[in-house]
2 protein chains.
Amino acid sequence: MKKKTTIYDIAKELNVTVSTVSRALSGFAAISDATREAVFAAAKRLNYSPNRLASALKSGKTYIIGLIVPSVQAHFFASIIHSIEEGLKDSGYRVILYQSNESLNAEINGVKTLLEAQVDGIMASLSLETEDVSHFAEVIKQNKPLILFDRVHEKLKVPTVTLDDYKAGYMATQHLIDQGYKNIAYVTTVHQIRIFNDRLKGYKAALADNELPINEENIIFGGLSIKDGRFGAGKLMRATNKPDAIIAGDDFTALGVIKKLKEIDETPPKIGVIGFANEAFSAYITPNLSTIDQHPNQMGTACAKLFLEMVQQANPYQNIKHIVLAPSLVERQSTDLKT
Amino acid sequence: MKKKTTIYDIAKELNVTVSTVSRALSGFAAISDATREAVFAAAKRLNYSPNRLASALKSGKTYIIGLIVPSVQAHFFASIIHSIEEGLKDSGYRVILYQSNESLNAEINGVKTLLEAQVDGIMASLSLETEDVSHFAEVIKQNKPLILFDRVHEKLKVPTVTLDDYKAGYMATQHLIDQGYKNIAYVTTVHQIRIFNDRLKGYKAALADNELPINEENIIFGGLSIKDGRFGAGKLMRATNKPDAIIAGDDFTALGVIKKLKEIDETPPKIGVIGFANEAFSAYITPNLSTIDQHPNQMGTACAKLFLEMVQQANPYQNIKHIVLAPSLVERQSTDLKT
DNA sequence: CTGAAAGCGCTAACAC
DNA sequence: GTGTTAGCGCTTTCAG
């Protein structure tokens with residue numbers, strides 16, 4: 001195993017100094033064309049590969065950003081990660097991935113780990129457990145860009161990229177009303193994450209605007225899994241005042257709701273069902289699931305763009321932007337009462 | 001913005017030298033309990049956070065591994081990534097993600113980028129375009145662990161984690177035969193990736209073992225998208241000798257196949273359909289899709305374990321293991337001819 | 001346009 | 001058990 005070639009080897013080869021080589025390689029400093037070319041030729045000949053670590057240690061820039069998400073296994077987050085990585089790649093940034101698995105402790109550890117790795121910035125979507133966000137303070141203190149997406153927190157004064165979740169909730173509800181449903185229930189999560197609250201607010205507002213009563217018994221707080229969906233639907237359909245439509249916390253919840261409804265012979269659209277996320281499967285289940293598309297790829301692209309803007313500013317927080325994406329309604333069979 | 005505290009600050013604070021601090025922090029070297037405790041106390045008091053970069057530059061170990069996958073958006077890869085990250089986290093390793101998007105050039109660039117970042121090893125699943133694998137040679141030359149999973153290549157003499165794809169193909173075919181199907185077609189990819197070839201071999205072997213003829217016109221080479229599935233099924237069903245069952249390259253392909261079959265009123269299980277991957281949606285489409293589960297989480301866990309073994313050896317390649325996981329059949333409606 | 005030299009924060013011989 | 005010192009590979013003043 002021979003040692004790797006460094007700029008010293010190139011310098012020796014050409015009888016110049018390392019500074020000359022460094023300058024030539026960096027491309028910006030004043031250098032004669034002749035030396036530059038000679039350096040590049042020698043670099044190639046010696047199979048030189050820069051050590052970004054050394055450069056990072058000296059310059060303080062690693063060109064690595066840390067990305068904290070609950071789990072890459074959720075398609076929504078996978079899509080965001082995909083777009084973030086793609087959006088940053090051309091600018092030379094790489095991405096370290098850290099999954100919190102919806103655990104606050106893991107998230108705290110993630111921030112610590114990423115900071116120790118000297119990342120140039122962090123993007124995160126909070127775990128369901130996260131209520132206190134003080135573990136992110138250090139990122140801001142170090143004046144490194146922190147961007148929160150989707151699951152954000154008002155205590156953190158940082159740029160955010162979110163969906164207009166109020167609108168999403170309103171949109172889902174209004175759609176059901178437009179389709180002719182009148183007694184609309186909601187299966188959501190107990191966790192105090194803003195997006196879920198906002199959706200609920202949108203739901204209530206839409207009911208109010210249409211002069212429909214808000215029945216608290218129609219709102220089930222539990223989890224968002226398929227199982228939770230089944231459970232919620234079961235509970236709702238056993239009530240005296242049965243709903244004629246159910247909004248599910250996400251598409252997986254909706255899957256559970258539909259399963260239950262099929263079992264008791266209330267197959268949608270007889271009882272309307274709508275979800276959130278537009279998962280890959282949603283178009284292919286029976287009945288096809290109406291849903292609210294949350295545009296994860298747009299979200300990732302926006303995060304990448306925001307980050308690149310922030311690193312260009314001396315103070316990344318001098319101009320805190322909050323990007324809010326518009327949800328869109330995907331109408332399918334599960335809410336198509338009319339046909 | 002005050003400067004970050006280093007081990008020098010701790011040393012000054014305690015009137016000892018940096019080496020003492022370094023030793024105390026590292027935990028292994030001989031150090032009196034008193035100094036060790038004093039160092040930890042001071043570290044805490046001064047809000048010290050180690051700079052892994054500096055340590056990495058000196059020691060040559062970054063505790064970062066590079067992960068190259070076609071795309072995190074595919075649930076199969078997302079699951080593998082999930083398990084790899086989880087499996088490595090406790091040993092202090094972090095993961096840099098690089099997506100090839102099925103492009104050879106991107107993959108080449110990925111290897112280069114990751115090597116420049118001085119990763120301690122690379123795990124990769126090859127892009128569909130990859131036939132020549134010489135871009136990975138440098139990883140081996142640097143004596144860094146390289147592990148290939150799922151989409152591997154025989155030219156690369158490195159440890160691998162794969163599914164027994166021959167068996168998977170055989171299993172899918174035998175299942176269809178067991179269910180009573182007799183003229184079984186296959187929609188797969190043109191790309192020369194081993195796993196797809198192996199599955200095809202398994203398919204042919206199963207036909208042969210059951211004394212069924214192998215009809216080359218029953219094998220469609222194209223892509224694996226939903227669209228490709230539709231196209232393949234269309235082509236097959238227009239033939240004179242129409243198949244009574246179709247094996248699809250993956251679950252997405254199967255989705256397209258089913259769509260087409262529904263359109264021409266040959267809804268499965270009338271024509272049997274089976275896919276590969278057991279995607280999240282497969283259980284919920286109509287009809288439910290039978291499929292071969294490829295156990296991505298097991299695969300990720302195995303990769304992590306293998307890597308940890310390799311870094312422990314002086315020569316990571318002294319004992320090249322090939323871990324082969326067994327596929328499992330998931331029987332659902334789309335192949336249930338009997339009911 | 002190029003060279004000399006200091007130093008980023010940490011580790012690891014080598015002394016004592 | 002602790003101190004001294006020389007780098008890891010690169011960037012970046014400051015001179016010339």
Side-chain angles (χ1 to χ4, degrees), chain A residues 1-40 42-43 46-64 92 115-120 142 144, chain B residues 1-40 42-43 46-64 92 115-120 142 144:
Chain A
M1 186 85 337
K2 54 181 181 296
K3 278 186 40 47
K4 287 202 290 185
T5 63
T6 71
I7 54 172
Y8 280 90
D9 302 316
I10 300 179
K12 199 178 295 170
E13 178 91 356
L14 298 176
N15 279 316
V16 294
T17 57
V18 283
S19 14
T20 305
V21 177
S22 174
R23 277 190 275 255
L25 254 19
S26 79
F28 281 100
I31 272 281
S32 76
D33 284 354
T35 11
R36 188 201 318 285
E37 279 159 31
V39 167
F40 273 93
L46 299 175
N47 193 25
Y48 169 74
S49 165
N51 183 336
R52 303 273 174 216
L53 229 56
S55 148
L57 179 60
K58 181 68 200 177
S59 68
K61 284 200 51 116
T62 52
Y63 285 95
I64 295 178
L115 248 20
E116 289 179 0
Q118 311 299 118
V119 293
D120 284 350
Q142 292 188 17
K144 289 183 174 174
Chain B
M1 186 84 339
K2 55 182 182 296
K3 277 185 43 45
K4 287 203 289 184
T5 62
T6 71
I7 53 172
Y8 280 91
D9 301 316
I10 300 179
K12 198 178 295 170
E13 178 91 357
L14 299 175
N15 279 317
V16 294
T17 58
V18 284
S19 22
T20 306
V21 177
S22 174
R23 277 189 276 255
L25 254 19
S26 78
F28 281 99
I31 271 282
S32 76
D33 284 354
T35 15
R36 188 202 317 286
E37 278 160 31
V39 167
F40 273 93
L46 299 175
N47 192 26
Y48 169 74
S49 165
N51 183 335
R52 304 273 175 218
L53 229 55
S55 149
L57 179 60
K58 180 69 202 179
S59 68
K61 284 199 51 114
T62 53
Y63 285 95
I64 295 178
L115 248 20
E116 289 180 359
Q118 311 298 119
V119 293
D120 284 350
Q142 292 188 16
K144 290 183 174 174

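In what follows, chains are A, B, ... by sequence order, proteins preceding strands, each numbered from 1.
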[X] [atom1] to [N] [atom2]: how many Å, rounded?
X: B/Leu25; N: C/dA12; atom1: CG; atom2: C1'; answer: 15 Å
X: B/Asn15; N: D/dG1; atom1: CG; atom2: P; answer: 20 Å
X: A/Lys12; N: D/dG9; atom1: NZ; atom2: P; answer: 12 Å
X: A/Ile7; N: D/dT12; atom1: CD1; atom2: C1'; answer: 11 Å
X: A/Asp9; N: D/dC8; atom1: CG; atom2: P; answer: 11 Å
X: A/Ile10; N: D/dT11; atom1: CD1; atom2: P; answer: 11 Å
X: B/Ile31; N: C/dA12; atom1: CD1; atom2: C1'; answer: 14 Å
X: A/Tyr8; N: D/dC10; atom1: OH; atom2: C1'; answer: 8 Å

ask   = Can you find an N or O donor on one side and an acceptor on the other, under 3.5 Å apart, linking the side chain of A/Arg23 with the base of C/dG3?
value = yes

query: With a 3.5 Å cut-off and just heavy-atom distances, do the side chain of A/Ser19 and the base of D/dT11 make a donor-acceptor pair?
result: no

What pairs with [X] under side-chain contact (heavy atoms from CB on, under 4.5 Å), at least two apart in sequence or on another chain?
X: A/Asn15; value: none
X: B/Lys12; value: none
X: B/Ser32; value: B/Ala34, B/Thr35

Taken in chain and number order and not counting sequence neighbours, the residues that satisfy side-chain hydrogen bond (donor to acceptor under 3.5 Å, both in side chains) with B/Thr62 are B/Asp120

With sequence neighbours left out, the residues meeting side-chain hydrogen bond (donor to acceptor under 3.5 Å, both in side chains) with B/Lys58 are none

Practice item. Hey, could you give me the CG/CD1 distance between B/Asn51 and B/Ile7, rounded to the nearest 0.5 Å? Key: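 Those atoms lie 10.5 Å apart.
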
Separation of A/Leu25 CG from A/Ile10 CD1 (nearest 0.5 Å):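 CG of A/Leu25 is found 5.5 Å from CD1 of A/Ile10.
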
The correct set of residues in residues 50-60 of chain B placing a heavy atom under 4.0 Å from DNA chain C is B/Pro50, B/Asn51, B/Ala54, B/Ser55, B/Lys58

Not counting sequence neighbours, which residues clear ring-ring contact (aromatic ring centres under 6.0 Å, His included) with B/Tyr48? List them please.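 Here no residue qualifies.
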
The bend of the helix from C/dC1-D/dG16 to C/dC16-D/dG1, taken between the axes of its five terminal pairs at each end and rounded to 10°, is 30°

Item checked: Sugar-phosphate only, base, or nothing, as touched by B/Thr17 at under 4.0 Å among non-hydrogen atoms -> base

Practice item. List in chain and number order the residues that pass salt bridge (charged side-chain N to carboxylate O under 4.0 Å, His left out) with B/Glu116, two or more places apart in sequence or in another chain; answer none if no residue qualifies. Key: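 Applying salt bridge (charged side-chain N to carboxylate O under 4.0 Å, His left out) to B/Glu116 gives A/Arg52, B/Lys112.
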
Side-chain contact check for B/Val18: nearest option of D/dC10, C/dC14, D/dT5 is D/dT5

| task | Report yes if at least one side-chain N or O of B/Thr35 is closer than 4.0 Å to OP1 or OP2 of D/dT2; otherwise report no. | result |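 Answer is yes, contact under 4.0 Å.
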
It should be established whether A/Ser22 places a side-chain nitrogen or oxygen under 4.0 Å from OP1 or OP2 of nucleotide D/dC10.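 Looking at the OP1 and OP2 atoms of D/dC10, neither is under 4.0 Å from any side-chain N or O of A/Ser22.
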
